[in-house]
Asks: 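Below: one structure in structure tokens.
Computed from heavy atoms alone, side chains included, the values below leave out hydrogens, waters and symmetry copies.
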Amino acid sequence: MWNYGGIYGNYNWNNSNLKVKIDDYYSGYYQLITKVLGAQGDMPTIKAAISEMVTNYYELMKMNRRELLCQFINIAAKAVFALLIDENVREWYLPEIKKGSDGM
């Protein structure tokens with residue numbers, strides 16, 4: 001049992017359903033990754049799964065972006081294109097180059 005006794009008082013992590021919620025959240029995220037990896041040639045399925053990941057798991061994707069890209073490159077290359085289609089995700093992999101006053 002892990003108790004946190006801070007300014008928020010004692011919080012018993014074993015007796016809360018917070019752990020269940022966190023586990024469910026991660027499980028949903030990893031199910032979508034598995035779906036993408038299993039649908040290697042099915043671009044509509046890949047795009048739908050990545051869109052759902054961006055909508056529901058954006059911050060988790062952001063923290064996991066390098067591993068995610070490596071997995072997709074090695075197993076489901078079309079998923080890389082689906083990642084780059086999304087403007088919110090594209091900036092992680094292809095940051096915009098700032099142009100100077102001369103346009104270069």
Asks: Keeping the roles fixed (side chain from Tyr26, backbone from Leu60), state whether a donor-acceptor pair exists under 3.5 Å.
Replies: no
Asks: Work out which heavy atom in Ile50 is nearest to a heavy atom in Ala82; give both atom names and the distance.
Replies: CD1-CB, 3.5 Å
Asks: With a cut-off of 6.0 Å (strictly less than), are more than 12 heavy atoms of other residues, nucleotides or ligands near OH of Tyr30?
Replies: yes
Asks: Can you find a side-chain donor-acceptor pair between Asn64 and Tyr29 that sits under 3.5 Å?
Replies: yes
Asks: Pick one: which of Val36, Val54, Ile46, Val89 meets side-chain contact (heavy atoms from CB on, under 4.5 Å) with Leu83?
Replies: Val89
Asks: Can you name the nearest heavy-atom pair linking Thr45 to Ala39, along with the distance?
Replies: CG2-CB, 3.8 Å
Asks: Within a reach of under 6.0 Å around CD of Glu91, are more than 12 heavy atoms found that belong to other residues, nucleotides or ligands?
Replies: yes
Asks: More than 12 heavy atoms of other residues, nucleotides or ligands under 6.0 Å from OH of Tyr25: yes or no?
Replies: yes
Asks: Between Leu68 and Met61, what is the shortest heavy-atom contact and its length?
Replies: CD2-CE, 3.9 Å
Asks: Please tell me if the side chains of Lys78 and Asp42 come closer than 4.5 Å, counting only heavy atoms from C-beta onward.
Replies: no
Asks: Provide the closest heavy-atom pair for Asn88 versus Tyr58 in the form atom of the first, atom of the second, distance.
Replies: O-OH, 3.7 Å
